[in-house]
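One structure is given below, encoded as structure tokens.
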Amino acid sequence: MSRKVNVVTLFSGCGGLDLSFHQLGFNILWANDFDTKACETYALNIGEHVVCDDITKVDVSTIPDADLVLGGFPCQDFSMIWKREGLETERGNLYKNFVNVVAAKQPKMFIAENVKGLLTANKGKAIETIINDFSDTGEHGYEVKPHLVNFAKYGAPQLRERVLLIGVRKDFNKNFVMPSPTHTPETYVSSGEALKGVEDVPYNNEHQNIQPRTIEKLKLIPEGGNFSDIPKDNEHYVKGMISHVYRRLHRDKPSTTIIAAGGGGTWGYHYLEPRPLTNRERARLFGYPDDFKFIGTITEVRRQIGNSVPPQGMYPIAKEVKAFLASL
């Protein structure tokens, strides 16, 4: 394929999934999200083609035709952290808007990103239903395969597992094969490596106000540890339900999953200093370039980053997609 590949993206957020494709020369014609600040971030860094609107209210006929449709439909209802009601919720059914766009535009390929919990939500019925809906859509239908991806294996300095649902139109009679991992547990990019020189980046590097009691809690937790390292007889002992609570980075290991929202010790904490990470540090742990500037408050930017796909981990996959589409 000598011409540029035309792309449409849905649930685009601040552009984490799109960025690698943008860097590789894909022609992103149209993107969409309903989060105003995420759209402003997207427009500033990737392009003005982002439409800030509720996808359920967008007229599909106004969306351009494309060779590739990308998107991360809302994942909270499938998450391992929250109650996995999945398809029983309004948010869980937003994937149908993705299906509708694929049905209308008949791209050669689509990639839909979601959380690992999608594979087991509704006792496995959610993933089965979603794959069937994509498989049967449009004139030709799609061969759809779920891929559980740990982005640390593709160069992101974060142990972040996500599902990529990859569909190829059946009339091409070709299967997309995921690229081999670029990293092993022995060669994963560490937090310490990822954060080198981060204090010199001028954007999104503000420090939060932190309570003195929180500082004292963090002093009791070694790097790589979490709330469970605080002795039970200590005045700073806290009960926690998930390992994210007061989780500190380990300088010699990738970060654990950075989450998008929540209080109570879920911000992610520095390995050396007893404090929450800055948003620029979070962005480094996703592999965003330092000139990628996020717009919004600390909380809004945290959400944008935490909801996104790690661009550094997506790049090798996007490169393989480019070669695959060129072969069709």
Side-chain angles (χ1 to χ4, degrees), residues 12-20 33 35 37-38 40-42 44-46 72 75-76 79 81 113 115 150-152 154-162 188-210 214 218 221 223-224 226 242-251 253-315:
S12 312
C14 66
L17 179 59
D18 296 21
L19 184 58
S20 294
D33 204 90
D35 184 311
K37 291 301 180 184
E40 289 179 26
T41 296
Y42 188 108
L44 179 66
N45 294 280
I46 298 177
C75 61
Q76 284 85 346
S79 175
I81 297 174
E113 177 264 350
V115 291
N150 180 349
F151 284 107
Y154 292 95
Q158 183 181 163
L159 297 169
R160 191 176 187 87
E161 287 188 306
R162 289 295 183 266
Y188 283 164
V189 181
S190 69
S191 300
E193 187 176 339
L195 298 187
K196 281 180 183 174
V198 69
E199 61 277 1
D200 298 326
V201 182
Y203 308 125
N204 308 114
N205 230 339
E206 306 90 345
H207 288 264
Q208 290 174 246
N209 293 325
I210 180 171
T214 303
L218 292 170
I221 300 170
E223 60 179 289
N226 64 9
I242 57 174
S243 62
H244 295 291
V245 176
Y246 295 112
R247 168 73 76 188
R248 298 190 73 170
L249 299 178
H250 193 296
R251 75 188 79 191
K253 298 177 182 179
S255 166
T256 53
T257 301
I258 299 293
I259 62 175
T266 63
W267 286 78
Y269 299 87
H270 198 269
Y271 54 81
L272 192 60
E273 301 170 27
R275 61 168 177 81
L277 300 173
T278 69
N279 278 322
R280 181 49 56 188
E281 288 167 339
R282 289 190 187 92
R284 282 278 191 96
L285 296 172
F286 278 73
Y288 281 95
D290 287 343
D291 60 359
F292 194 102
K293 185 177 181 180
F294 299 87
I295 296 176
T297 64
I298 287 178
T299 298
E300 288 167 339
V301 171
R302 177 199 180 193
R303 184 169 60 244
Q304 291 172 39
I305 297 169
N307 279 334
S308 71
V309 173
Q312 192 167 338
M314 194 65 203
Y315 190 91

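- Side-chain atoms of E223 and L272, non-hydrogen and from C-beta on, never get closer than 4.5 Å to each other.
- Here the straight-line distance linking atom CE of M314 with atom OH of Y154 works out to 10.0 Å at 0.5 Å rounding.
- Here the side chain of S191 pairs a donor or acceptor atom with the backbone of K253 at under 3.5 angstrom.
- Minimum interatomic distance between S308 and G16 (heavy atoms only, all atoms of both residues): CB-CA, 4.2 Å.
- Considering NZ of K37 and CZ of R303, their distance stands at 11.0 Å, rounded to 0.5 Å.
- With hydrogens and angles ignored, the 3.5 Å screen pairs a side-chain donor or acceptor of S190 with a backbone N or O of R251.
- Checked against a 6.0 Å centroid threshold, the rings of Y203 and F294 do not count as neighbours.
- In this structure, R284 does not pair ionically with E281, as no charged nitrogen and carboxylate oxygen lie closer than 4.0 Å.
- Between L285 and L249, some side-chain heavy-atom pair lies under the 4.5 Å cut-off.
- Although no hydrogens or angles enter the test, the distance criterion places a donor-acceptor pair under 3.5 Å between the side chain of Q158 and the main chain of I258.
- Across every non-hydrogen atom of A152 and Y188, the tightest pair is O-CD2, 3.4 Å.
- Partner of V301 under the side-chain contact (heavy atoms from CB on, under 4.5 Å) criterion, out of I298, T297, I305: I305 alone.
- A distance-only check finds a donor-acceptor pair linking the side chain of R248 to the backbone of L218 [under 3.5 Å].
- A donor-acceptor contact closer than 3.5 angstrom is absent between the side chains of R302 and N279.
- Taking both residues in full, the closest heavy atoms of R247 and G224 are given as NH1-O, 2.8 Å, listed atom of the first, atom of the second, then distance.
- The backbone N or O of Q208 lies less than 3.5 Å from no partner atom in the side chain of R275, so there is not a single donor-acceptor pair.
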Worksheet item: Should R282 and W267 be marked as a side chain to side chain contact (heavy atoms under 4.5 Å, CB included) after you check the CA-CA gap, both sets of side-chain angles, and the distance that decides it?
Response: CA-CA 10 Å; R282 289 190 187 92; W267 286 78; 3.1 Å; yes

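- Side-chain contact between P276 and Y269 is present, with heavy atoms from C-beta onward closer than 4.5 Å.
- The minimum heavy-atom distance between A261 and T266, with the atom names listed, is O-OG1, 3.9 Å.
- Y315 is not listed as a side-chain neighbour of L19, based on a closest heavy-atom distance of 4.5 Å or more.
- Between the side chains of N45 and Y288, not a single donor N or O lies within less than 3.5 Å of an accepting N or O.
- Atom CG of L159 and atom CZ of F151 lie 12.5 Å apart (nearest 0.5 Å).
- We find the CG-CZ distance between L195 and R280 to be 11.5 Å, quoted to the nearest 0.5 Å.
- For the residue pair D33 / S12, no side-chain donor-acceptor distance below 3.5 Å is found, with atom types taken as modelled.
- Within the 4.5 Å cutoff, no side-chain heavy atoms of V309 are placed close to those of R160.
- Listed here is the closest heavy atom pair of C14 and I46: O-CD1, 4.3 Å.
- Looking at H207 and T278, their side chains come closer than 4.5 Å, going by heavy atoms from C-beta outward.
- H244 places a side-chain heavy atom less than 4.5 Å from the side chain of T257.
- The neighbour count for D200 CG, taken as heavy atoms of other residues, nucleotides or ligands under 6.0 Å away, is above 12.
- Side-chain contact between R162 and P310: absent, with no pair of heavy atoms (C-beta onward) separated by less than 4.5 Å.
- Summarising the geometry of L44 relative to K293, their closest heavy-atom pair is CD2-O, 3.8 Å, with the distance given to 0.1 Å.
- Distance OH/Y271 to OG/S255: 12.0 Å, rounded to 0.5 Å.
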